[in-house]
Amino acid sequence: IVARSLVVHGNALGAQGDEGAALDLFDQALQIQESYYGKESPILVQVLKSKGEALFELNRSEEAKQVLNRALELCRGSKGEDSKAEINVK
């Protein structure tokens, strides 16, 4: 619940244009989720997506690409290698 609340708050900050503060919250949420679910859990996809969007808005496109690719790989892994996974970004 704490991690999810951090993501919701981060998304609200991002919508207000404060992507830097949002990114901090996404990092905290990611740390919590990774410690609880593991680094390969598909549960991480939402926070990774939000983090990637924040990085993109901060003009950190290479970092955003890495984070979003990680999210995509987790999607693919949870649905099987032959399925198509998609992450919708703003």
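No hydrogens, no waters, no symmetry mates; every other heavy atom, side chains included, goes into these values.
No side-chain heavy atom of Phe26 sits under 4.5 Å from any side-chain heavy atom of Leu48.
Taking CZ of Arg76 as the reference point, atom CG of Asn69 lies at 8.0 Å (rounded to 0.5 Å). Interatomic distance, NZ of Lys39 versus CD of Gln33, reported as 13.0 Å (0.5 Å rounding).
There is a path of hydrophobic side-chain contacts, each under 4.5 Å, that joins Leu74 to Leu55. Follow the hydrophobic side-chain contacts under 4.5 Å out from Val2 and you reach Leu25 in the same cluster. Val8 and Leu6 fall into different hydrophobic clusters, defined by Ile, Leu, Val, Met, Phe, Trp and Tyr side-chain heavy atoms under 4.5 Å apart, directly or through other members.
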Expected list for residues 61-68: side-chain donor-acceptor pairs under 3.5 angstrom, two or more places apart:
unit_1: Glu63; atom_1: OE1; unit_2: Arg60; atom_2: NH2; d: 2.8
unit_1: Glu63; atom_1: OE2; unit_2: Arg60; atom_2: NE; d: 2.8
unit_1: Glu63; atom_1: OE2; unit_2: Arg60; atom_2: NH2; d: 3.4

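For the side chain to side chain contact (heavy atoms under 4.5 Å, CB included) with Leu23, the qualifying choice from Leu13, Leu58, Asp18 is Leu58, the only one to do so.
Counting all heavy atoms, side chain and backbone alike, Ala29 lies closest to Ala3 at CB-O, 3.5 Å. Val45 and Ala71 make their closest contact through CG2-O, 3.6 Å (heavy atoms, listed as atom of the first residue, atom of the second, distance). When every heavy atom of Leu44 is checked against every heavy atom of Arg70, the shortest pair comes out as CD1-NH2, 3.5 Å.
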